[in-house]
Amino acid sequence: NAAIWKRDDSSSWGDPYNKTKRVMKDSDALDYEFNAEKEEDYTPEKKYELTNETMEWNGRTLHRIVALKHIEVESGSSDGTLVVEEGDLGGWVEGERNLGHEGNCWVADEAKVYDSAKVYGDAVVEDNAEVSGDAKVYENAKVYGNADISEWAQVHGDADVSGKAVLCWRTDVSNGAFIYDRDCEE
């Protein structure tokens, strides 16, 4: 029984319980909507949930996350492995669209991810870093310190962005690049 896939060109990440499967191609996350008439729905196991602890940040309400299972991801700030146990509190997201449930991606400490920004794969955002706008942090990327990733910037591969680095516009950092304390000129 062949599955029927339909490309969804919307810019929205969507609800994590929808019938969407993520496929990585050419550094972009392409959305394919699965036709449930032919096969069962694909829904990843939830690895975190939003808590009732909230904060107002840049005109948005962010929610602290809590882990629902054990996660291990390479850390940028501790230069080792970040181990998250079930029940451990994480950082802040505006909604579940901001952090994937697949892979070992995590938002830790006081890090914030909001707007339509996405963290997925095995990426980590930690310390006081911020990811906003339509920015993407994925694969094995690490964003930490006071780094600010915004607009349409992408950090992926084995890239590290830290310190007071500011990446914006259509910046694309990948392939093991290390960026720190760099400001974006408008």
Side-chain angles (χ1 to χ4, degrees), residues 13 16 24 29 44 46-51 53-58 60-168 171-184:
W13 181 290
M24 296 304 298
K46 287 182 73 167
K47 68 177 171 192
Y48 69 91
E49 66 184 5
L50 307 181
T51 68
E53 184 181 356
T54 63
M55 71 179 298
E56 294 299 315
W57 189 260
N58 290 336
R60 286 144 185 91
T61 301
L62 305 184
H63 301 266
R64 171 94 58 193
I65 58 172
V66 62
L68 298 177
K69 66 180 198 174
H70 175 87
I71 300 166
E72 289 187 23
V73 64
E74 189 177 336
S75 172
S77 63
S78 68
D79 209 21
T81 301
L82 173 65
V83 178
V84 179
E85 298 295 344
E86 181 179 343
D88 286 354
L89 293 176
W92 302 88
V93 297
E94 188 174 3
E96 289 194 21
R97 71 183 175 276
N98 301 121
L99 178 62
H101 283 282
E102 294 184 283
N104 289 317
C105 56
W106 189 246
V107 176
D109 308 316
E110 294 301 312
K112 298 162 190 70
V113 182
Y114 54 96
D115 294 332
S116 295
K118 302 170 185 73
V119 177
Y120 54 100
D122 290 328
V124 64
V125 179
E126 52 191 328
D127 299 330
N128 293 304
E130 283 188 45
V131 182
S132 62
D134 288 311
K136 296 175 185 171
V137 179
Y138 57 100
E139 294 171 346
N140 297 310
K142 295 172 277 307
V143 176
Y144 53 101
N146 292 307
D148 185 356
I149 314 299
S150 63
E151 294 163 345
W152 302 276
Q154 293 189 45
V155 181
H156 56 102
D158 289 314
D160 280 35
V161 178
S162 67
K164 297 177 185 174
V166 176
L167 300 180
C168 56
T171 306
D172 188 348
V173 178
S174 65
N175 297 329
F178 183 75
I179 304 223
Y180 58 96
D181 293 333
R182 184 174 182 171
D183 289 328
C184 184

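- Between the side chain of Lys142 and the backbone N or O of Ser162, no donor-acceptor pair lies under 3.5 Å.
- Summarising the geometry, atom NZ belonging to Lys112 is positioned 13.5 Å from atom CG belonging to Asn98; distances are rounded to the nearest 0.5 Å.
- Atoms CD and OH, on Glu130 and Tyr114 in that order, are 4.0 Å from each other to the nearest 0.5 Å.
- Distance alone, capped at 3.5 Å, is enough to place a donor-acceptor pair between the His101 side chain and the Lys47 backbone.
- In this structure Glu110 satisfies the salt bridge (Lys or Arg N to Asp or Glu O under 4.0 Å) test together with Arg64, sequence neighbours excluded.
- Once rounded to the nearest 0.5 Å, the distance linking OH of Tyr120 with NZ of Lys136 reads 5.0 Å.
- No donor-acceptor distance shorter than 3.5 angstrom exists from the side chain of Tyr48 to the backbone of Gly90, with no hydrogens or angles considered.
- Gly157 and Glu139 get closest at one heavy-atom pair: N-OE1, 2.6 Å.
- Taking 4.5 Å as the limit, some side-chain heavy atom of Glu96 sits within range of a side-chain heavy atom of Leu50.
- Not counting sequence neighbours, the partners of Val66 by the side-chain contact (heavy atoms from CB on, under 4.5 Å) test are Glu49, Thr51, Leu89.
- Glu94 and Thr61 share no side-chain donor-acceptor pair at under 3.5 Å.
- Expressed to the nearest 0.5 Å, how far CG of Asn140 lies from NE2 of His156 amounts to 12.0 Å.
- Note: Ile71 CD1 to Thr81 OG1 = 13.5 Å, rounded to the nearest 0.5 Å.
- Using a 4.5 Å heavy-atom cutoff, the side chains of Lys69 and Glu86 are not in contact.
- Residues Val125 and Ala129 share a closest heavy-atom pair of CG1-CB, 3.8 Å.
- Closest of all the heavy-atom pairs between Val124 and Ser75 is CG1-CA, 4.4 Å.
- Between Ala141 and Val137, the shortest heavy-atom distance links the atoms CB-CG1, 3.9 Å.
- A search for side chain to side chain donor-acceptor pair (under 3.5 Å) contacts involving Asp115 returns Arg60, not counting sequence neighbours.
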Table please: side-chain donor-acceptor pairs of residues 143-150 below 3.5 Å, with sequence neighbours left out.
| residue | atom | partner | partner atom | Å |
| --- | --- | --- | --- | --- |
| Tyr144 | OH | Asp160 | OD2 | 3.1 |

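- Annotation: the span from Trp92 atom CH2 to Trp57 atom CH2 amounts to 10.5 Å, rounded to 0.5 Å.
- Val173 is listed as a side-chain neighbour of Leu167, based on a closest heavy-atom distance under 4.5 Å.
- With sequence neighbours excluded, the residues forming a side-chain contact (heavy atoms from CB on, under 4.5 Å) with Trp152 are Asp134, Trp169, Arg170, listed by chain and number.
- At a threshold of 4.5 Å between non-hydrogen side-chain atoms, the residues Val73 and Cys105 do not count as touching.
- Not a single salt bridge (Lys or Arg N to Asp or Glu O under 4.0 Å) links Asp127 to another residue, sequence neighbours left out.
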